[in-house]
Novice: 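Pasting in a structure now, in structure tokens, and then I'll have a few things to ask.
Convention: sequence-line order gives letters A, B, ...; per-chain numbering from 1. Hydrogens, waters and symmetry mates play no part in the numbers below; they use all other heavy atoms, side chains included.
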Amino acid sequence: MSKLSRNSALEESPRFQEPASRRDFLGLAAIWSAVAAFGAALIGSLRLPMPSVFPESNSRVKIGHPERYPKGSVTHLPELRLWVFHDAKGLYSISSICTHLGCIAGRSADGIFRCPCHGSIFAPDGKVLQGPAPTPLHWIAMGLSPDGQLLVDTAINVPLGTRLPV
Amino acid sequence: MTTTPVEKSINGRQPPVEVSPALEERGGLPAFLANLKALPDTARDSVVRHGVPTSDRARSQTVFSNFFLHVMSVRVHLRSLKFSATMGLGIILLVLFGILTFTGILLMVYYKPAVDLAYDSMKDIIYVVPSGRFIRNIHRWAAHGMVLCVFLHMARVFYTAAYKKPREFNWVIGMALFVLTLGLSFTGYLLPWDQLAFWACTIGANIAQSPRELTDALGITASLDIGGMQKELLLGAHYVGQEALVRFYVLHVVVLPLVLTLFAAVHIWRIRKDGGLAKPAETVPPRPTGKDVEAPSMTAMTPKQGDPSTRTWGLMALMKGRTPAVGKELRNTIPAYPNALYAIAALAMLTTAVMLFLGYFFDAPLKELANPGIPENPAKAPWYFLGLQEMVSYSAFMGGVGIPAVVILGLALIPYLDREREIPGRWICGQEGIRVAWQTALFSFLFTVALLTFTVNFGWLRNWFLEIPQIIITFVNPGTVLVTAFIVWSLGIIGKTRSTRMSAIALFTCFIVAFVVLTYFATVHRGPNWDFYWWPSQWPTH
């Protein structure tokens with residue numbers, strides 16, 4: 001008779017579950033604690049492939065004395081993927097690494113940078129003219145080291161138009 | 001010791017040599033010698049626990065008890081063996097994966113995953129190692145074949161409505177297998193450490209970093225740099241180098257094949273448990289004819305004489321369903337052994353033969369040594385990623401992450417959003433489906449071509465408004481326009497036909513056609529600097 005008093009429509013549903021008994025509760029608690037333990041162990045293990053030290057060499061490089069870059073010159077440093085310019089206001093350098101997906105943009109005689117991979121085009125000052133690149137080409141931090149050589153840090157970007165007065 | 005009558009009758013072989021009880025009791029040397037004499041027989045019997053089956057029933061029993069055969073059901077529907085039902089694509093994929101594993105292990109013998117050695121070891125494999133070039137060629141062709149067959153298999157399953165209940169989740173597993181196959185291809189082509197390898201991997205890693213396009217626009221990159229984390233996880237550095245090579249190697253030879261094997265096992269197991277391939281229910285069972293039907297199956301055993309208490313019964317299977325399945329669905333089925341076995345063996349031979357042919361006559365390319373200073377121009381991905389590369393040339397994040405995620409998610413959800421009951425296993429749902437598919441194919445083709453023509457001729461937002469914020473281009477670019485148009489079209493089909501299945505056919509057809517058009521376009525009409533050219537012969541020489 002007690003069955004009649006229950007909600008029979010609910011019981012017939014395939015999702016109907018009896019309220020958990022004590023035994024079920026202990027079993028479920030055991031299973032879920034095992035799941036939690038293994039989950040925590042898994043997440044902990046996944047910390048391993050996230051490097052805390054990167055294998056790259058120092059991003060701060062000396063590129064010679066300022067005399068190497070006379071006024072009006074444009075110098076390509078392919079190893080550093082860098083173009084060094086010297087105009088009326090001073091020295092500056094632009095990275096040729098395309099801000100879209102990391103290909104190397106080539107610079108043609110008119111000063112325009114063109115990326116071969118997906119067609120981004122940048123103005124001589126690095127601004128995006130066309131294509132999918134989300135930001136201008138990076139301007140790279142420059143400075144003078146105590147021995148008088150020019151220093152660039154390829155990991156540090158500076159705002160467009162920042163120049164090193166010489 | 002008693003052997004049951006059943007066992008004796010189904011094993012087509014004489015019962016094993018029995019040592020007489022007298023000899024057994026004596027023990028010692030004579031028993032040892034007798035055991036030694038019987039060794040070949042007893043050893044074989046312990047390995048293969050059934051004899052050579054000579055009757056249909058014995059063969060069924062064999063399928064049932066043999067680990068390697070039990071992936072097949074005991075009996076297979078005649079329709080499932082028809083080429084037009086499946087085109088054998090699932091089996092071909094399995095064979096290709098087997099070929100890839102085999103040739104891959106052979107290549108691992110000589111390949112060295114180190115930046116300084118990888119390219120040289122590739123040269124060794126091609127020019128020095130006995131049959132190295134041949135094995136590498138086969139590995140490459142099988143990899144391309146697998147990607148192609150995954151696409152075709154997906155299309156077959158979709159158009160025959162084989163994803164319907166109860167096979168919804170198996171379709172989702174299929175999606176996972178699709179992504180894993182592409183992942184295996186991608187990690188595979190970094191390993192030669194040639195120009196394609198290096199730049200494809202650089203681009204891939206930067207696509208992983210491209211959520212920055214979004215976080216930069218929102219100004220939260222400093223606190224939540226998902227893109228940067230993904231790239232560091234993939235490369236172990238900020239550029240493609242030794243760390244990245246080892247990571248890709250581990251993914252390619254261990255992680256992804258293991259996961260793929262697991263998923264493929266579940267995929268196949270579920271096909272078995274869902275009652276084999278999807279097929280239309282038989283409304284009017286035809287009259288039994290032919291000798292196969294005369295001895296229907298093991299489920300209808302001929303009654304044996306004698307005392308029932310001495311008979312041996314086996315539990316054959318626990319089946320879902322309300323009524324006993326005895327005698328049902330047996331018409332038009334034939335024993336899987338040998339019929340399905342022959343079909344599988346034939347497909348395996350054919351696939352292997354094609355791979356041997358391709359591997360013998362067509363060399364896998366190896367470009368020059370990776371040069372981090374100069375990318376190739378144009379730097380083109382393999383054919384199956386070229387459609388994506390075209391998308392990426394509109395927006396890195398949308399083309400490389402956003403749209404692929406939406407497409408994969410959309411495909412995976414199809415079985416849950418289209419729950420109409422319809423005849424499973426039938427191609428494109430009859431006349432109406434064929435009409436919808438053709439109309440949609442035409443629409444998708446024209447729309448994609450028109451959009452590409454427009455983009456090539458007039459450019460996109462940045463060409464008109466130079467200072468436009470990136471976030472607008474991220475969300476409004478030819479790729480998103482295409483996806484939106486497809487979604488709108490499919491919703492229109494729902495409205496017109498009042499059928500979610502028709503809408504699903506429309507959506508799927510849209511994407512297939514667009515994929516083909518984009519792949520063709522990027523292959524033929526994109527040249528240096530990703531500029532448009534009518535033919536590769538017009539590319540400027542430098």
Novice: Looking at B:P378, B:G204, B:A217, B:A237, which makes the most heavy-atom pairs under 4.5 Å with chain A?
Specialist: B:A237
Novice: Counting only heavy atoms not in B:W464, do more than 12 fall under 6.0 Å of its CH2?
Specialist: yes
Novice: Could you measure the distance from the CD1 atom of A:I104 to the CH2 atom of B:W199? Nearest 0.5 Å is fine.
Specialist: 4.0 Å
Novice: Return the minimal non-hydrogen interatomic distance between B:Y239 and A:E56, and the atom names on each side.
Specialist: CE2-CB, 3.4 Å
Novice: Less than 4.5 Å to any heavy atom of chain A: does that hold for the side chain of B:T202, its backbone, both, or neither?
Specialist: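 The answer is both parts of B:T202.
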Novice: Please look at B:Q242 and chain A and tell me whether the side chain, the backbone, both or neither of the residue comes under 4.5 angstrom of a heavy atom of that chain.
Specialist: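 Neither part.
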Novice: Between CG of A:L101 and CD of B:Q389, what distance do you get to the nearest 0.5 Å?
Specialist: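 Between atom CG of A:L101 and atom CD of B:Q389 there are 9.0 Å.
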Novice: When only pairs under 4.5 Å are counted, which of B:I203, B:T474, B:L461 shares the most heavy-atom pairs with chain A?
Specialist: B:I203
Novice: Of all of B:I473, B:I207, B:V392, B:D531, which one pairs up most often with chain A through heavy atoms under 4.5 Å apart?
Specialist: B:V392
Novice: With chain B as the partner chain, list the residues of residues 128-143 of chain A whose heavy atoms fall under 4.5 Å from it, by residue number, and write 'none' if nothing qualifies.
Specialist: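 From residues 128-143 of chain A, the residues near chain B are A:V128, A:L129, A:Q130, A:G131, A:P132, A:A133, A:P134.
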Novice: Tell me, for B:R526 versus chain A, whether the close heavy atoms (under 4.5 Å) come from the side chain, the backbone, both or neither.
Specialist: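 Neither the backbone nor the side chain of B:R526 comes within 4.5 Å of chain A.
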Novice: Quick check: are there more than 12 heavy atoms from other residues, nucleotides or ligands sitting under 6.0 Å from NZ of B:K112?
Specialist: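 Counting neighbours around NZ of B:K112, more than 12 heavy atoms of other residues, nucleotides or ligands fall under 6.0 Å, so yes.
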Novice: Just give me the residue among A:A155, A:P78, A:S96, A:P55 that pairs up with chain B most often, heavy atom to heavy atom, under 4.5 Å.
Specialist: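 Looking at each of A:A155, A:P78, A:S96, A:P55 in turn, A:P55 comes out on top.
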Novice: I need the B:Q470 CD to A:T99 OG1 distance, nearest 0.5 Å.
Specialist: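 Rounded to the nearest 0.5 Å, the CD-OG1 separation comes to 8.5 Å.
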Novice: Report, as yes or no, whether the 6.0 Å neighbourhood of atom CH2 on B:W539 holds more than 12 heavy atoms from other residues, nucleotides or ligands.
Specialist: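 Yes, because the 6.0 Å sphere around CH2 of B:W539 holds more than 12 heavy atoms from other groups.
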Novice: I'd like to know whether CZ of B:F454 has more than 12 heavy-atom contacts from other residues, nucleotides or ligands below 6.0 angstrom.
Specialist: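 Enclosed: over 12 neighbouring heavy atoms sit under 6.0 Å from CZ of B:F454.
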Novice: Has B:F263 got more than 12 heavy atoms of other residues, nucleotides or ligands less than 6.0 Å from its CZ?
Specialist: no
Novice: Let me know if B:P372 has heavy atoms under 4.5 Å from chain A in its side chain, its backbone, both or neither.
Specialist: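 For B:P372, the contact with chain A is made by backbone and side chain together.
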Novice: With chain B, which of A:H100, A:R114, A:E79 has the greatest number of heavy-atom pairs at distances under 4.5 Å?
Specialist: A:H100
Novice: Which atoms of B:L233 are under 4.5 Å from chain A, going by heavy atoms: the side chain, the backbone, both sets, or neither?
Specialist: both
Novice: Count the heavy atoms belonging to other residues, nucleotides or ligands that lie under 6.0 Å from CD1 of B:I374, then report whether that count exceeds 12.
Specialist: no
Novice: Considering only heavy atoms, which portion of B:E213 lies under 4.5 Å from any heavy atom of chain A: side chain, backbone, both, or neither?
Specialist: side chain
Novice: What I'd like to find out is whether the side chain of B:E243 reaches to under 4.5 Å of the side chain of A:F54, using heavy atoms alone.
Specialist: no
Novice: Below 4.5 Å, heavy-atom pairs only: which of A:C115, A:P116, A:G119, A:C117 has the largest tally toward chain B?
Specialist: A:P116
Novice: When heavy-atom pairs shorter than 4.5 Å are enumerated against chain B, which of A:P51, A:S120, A:C98, A:A105 gives the highest number?
Specialist: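 Heavy-atom pair counts peak at A:P51.
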Novice: Should we say atom CZ of B:R419 is surrounded by more than 12 heavy atoms from elsewhere, each under 6.0 Å from it?
Specialist: yes
